[in-house]
Amino acid sequence: MISSTNICIVIAIIAYLGITLYIGFSFSKKNQNTEDFYLGGRKMGPFVTAMSAEASDMSSWLLMGLPGLAYLSGIADPAWTAIGLGIGTWLNWLLVSRRLRRYSSNIGAITVPSFFSKRYHDDRNILNAIAALVIVIFFIPYTASGFAACGKLFNSLFGIDYTTAMIVSACVIVFYTIMGGFSAVSTTDLIQSIVMSIALITVLVFGVHTAGGFGAVMDNATSLAGYFTLFASHDAASGASSPYTFLTIVSTLAWGLGYFGMPHILLRFMAIEDEKKLVMSRRIATIWVFVAMAAAIMIGVVGLGMTKAGALEFLEGSSSETIIVRIAGLISQYGVLAALLAGVILAGILAATMSTADSQMLAAASSVSQNIIQDFCRIKLSSKQSMFFARITVAIIAVIAVFLARDPNSSVFMIVSFAWAGFGGAFAAVMLCALFWKRSNIWGALAGMVSGGATVFIWKFLVRPLGGVWNIYELLPAFIVSFVCIVIVSLLTKAPDEAIVKEFEAAK
């Protein structure tokens, strides 16, 4: 028999999902052409731009991966990751956003791959096709991590079959993305960022109270070897600590480099209605990111304090990523209003997942429909035909992502980590050189994109397993290799022609 508590939780979640579906349907009639579908007609306001960019960035790892990591290993790993991401967020808005908005508008680029091709006058659309393939390759596992988070949520909460819950969640995300395009995705992302904020604050306050107060939480954290320090890591199994070396810190901070190559975030810069409003967007985005990640890390610390106090059982391995779900379950036991609030918290996890998955699928769809089919294969499509192929691509990507996420024991944080490195390695250095180095050319960009993407795989699966000094997050060596290849190859090949230089100067 279903309890009244679960009914309240389900009502809150269904209400949230209903709102997202309504938004998708309402925006479906406004997509008259591909620029509307992919960029919302470049009419996004500063607040929507800021919050949708960060909501699409802070995927399920914010409410599941980051607290779970802090719960098991202490604050060093998640804190240095958060610091790197916070700095990367600020620099991305400061350096890249305005110039990319202006440059992409000047040359008529509506996707990241098309920006690279038009920036370098790539008439054969080689950059277009390779960039589109990179996006598809790395967005599929990224999307899979989101679907996995949805499956874990409903499985741990209601005991619903993991696979069934994952597929139903995927269907909802696919529906409103297919129907509403970029405008629907950005608007739902704004709502999702608000829901995520409510979830973080509520769980944190309740968790501290249940653990016996902030003092009790801190006493427990500081009593564990290497737990509450930035220079050591805690081993929950043995209770021992291991040093967090300078090399590891630099490697972890490298997460911030990934921002310069994230297609779903860069698209937000291209879509704002007025580049002057990006200053306001930068301030909103940076503040929210730092506060949200700090709260997420503290939830892991507080969750361990609740375990110490006997309110929660100890969570091992990937189950630690359900800490916020367990806390929401405790909140729901305090009456109808509390159960509804718990439902909002759980909707926050869905929000974190959906806000990233929808943006990723849309970016991947635009890559296939616009960049591969039309630009590279030179198949002429009308606006309606292009949107049709984009929608079909969204559905295909979702099916593949569901297949990859079929293992309930997969770690959300680890999947996101690899996909993030892929985009940062392939695109970050290329984007920075495209925007700020006049001498870079098509061959340098091509070399940087291929070498960076390849280095991610090589380092992840062949070099990093060697351990020791080689145990570096693959994004850092990939970014360095990509940048070096861009510089060397650009200098060894023909300089850009006068037309390319004039476009570059016009975008300053």
Side-chain angles (χ1 to χ4, degrees), residues 58-89 196 199-201 203-256 286-309 311-312 314-324 326-327 352 411-414 416-417 420 471-473:
M58 297 295 153
S59 60
S60 50
W61 74 272
L62 176 67
L63 295 184
M64 297 186 76
L66 210 57
L69 188 62
Y71 180 91
L72 283 181
S73 65
I75 68 167
D77 213 11
W80 285 115
T81 300
I83 292 169
L85 289 173
I87 295 172
T89 297
M196 289 159 65
L200 287 168
I201 294 169
V203 167
L204 199 54
V205 172
F206 176 83
V208 169
H209 173 74
T210 306
F214 189 71
V217 171
M218 293 306 297
D219 287 343
N220 177 62
T222 54
S223 69
L224 300 173
Y227 188 87
F228 204 76
T229 173
L230 292 176
F231 303 103
S233 192
H234 176 71
D235 184 347
S238 64
S241 66
S242 57
Y244 209 80
T245 64
F246 176 76
L247 185 62
T248 307
I249 291 173
V250 172
S251 170
T252 310
L253 285 173
W255 272 78
T286 304
I287 292 171
W288 188 83
V289 162
F290 273 109
V291 172
M293 289 192 294
I297 293 169
M298 281 307 300
I299 285 173
V301 177
V302 169
L304 194 61
M306 294 173 69
T307 299
K308 173 75 173 185
L312 289 173
F314 182 73
L315 304 174
E316 299 180 1
S318 63
S319 66
S320 65
E321 294 183 340
T322 64
I323 180 68
I324 196 170
R326 308 301 176 95
I327 297 175
S411 169
V412 172
F413 189 87
M414 290 298 104
V416 170
S417 170
W420 187 271
N471 187 23
I472 299 173
Y473 181 36

[X] versus [Y], closest heavy-atom pair with distance:
X: Gly300; Y: Ala70; value: CA-CB, 4.1 Å
X: Asn220; Y: Ser223; value: O-OG, 2.7 Å
X: Leu66; Y: Met293; value: CD2-O, 4.0 Å
X: Ala295; Y: Leu200; value: CB-CB, 4.2 Å
X: Ala82; Y: Ile297; value: CB-CD1, 3.9 Å
X: Ser73; Y: Ser233; value: O-OG, 3.6 Å

Pair [X], [Y]: side-chain N/O donor-acceptor within cut-off below 3.5 Å:
X: Tyr71; Y: Thr307; result: yes
X: Thr248; Y: Thr245; result: yes
X: Tyr244; Y: Thr252; result: yes

| query | Taking His234 for the side chain and Gly74 for the main chain, is one N or O donor matched with an acceptor at less than 3.5 Å? | reply |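 A pair under 3.5 Å: no.
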Side chains of residues 203-217: which donor-acceptor pairs under 3.5 Å do they make with residues two or more places apart or in other chains?
{"residue": "Thr210", "atom": "OG1", "partner": "Phe206", "partner atom": "O", "Å": "2.9"}

Just verifying a value: how many Å separate [X] [atom1] and [Y] [atom2], rounded to the nearest 0.5 Å?
X: Thr81; Y: Ile249; atom1: OG1; atom2: CD1; answer: 11.0 Å
X: Leu85; Y: Leu253; atom1: CG; atom2: CG; answer: 9.5 Å
X: Met298; Y: Ile75; atom1: CE; atom2: CD1; answer: 8.5 Å
X: Leu312; Y: Ile327; atom1: CG; atom2: CD1; answer: 6.0 Å
X: Ile299; Y: Ile324; atom1: CD1; atom2: CD1; answer: 4.5 Å
X: Ser242; Y: Asp235; atom1: OG; atom2: CG; answer: 7.0 Å

| said: side-chain contact (heavy atoms from CB on, under 4.5 Å) for Thr89 and Phe290? Distances and angles first, verdict last. | reply: CA-CA 9 Å; Thr89 297; Phe290 273 109; over 6 Å; no
| Only one of Pro67, Ser319, Ser320 clears side-chain contact (heavy atoms from CB on, under 4.5 Å) with Leu72; which? |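 Filter result, single survivor: Ser320.
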| Looking at side-chain heavy atoms only, is the closest gap between Leu304 and Leu224 below 4.5 Å? | yes
| request: Could you check if a side-chain atom of Phe231 sits within less than 4.5 angstrom of a side-chain atom of Phe246, using non-hydrogen atoms only? | output: no
| request: Classify the ring geometry between Tyr473 and Trp255 as parallel (under 30°), tilted (30 to 60°) or perpendicular (over 60°). | output: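 Answer is parallel, since the angle falls under 30°.
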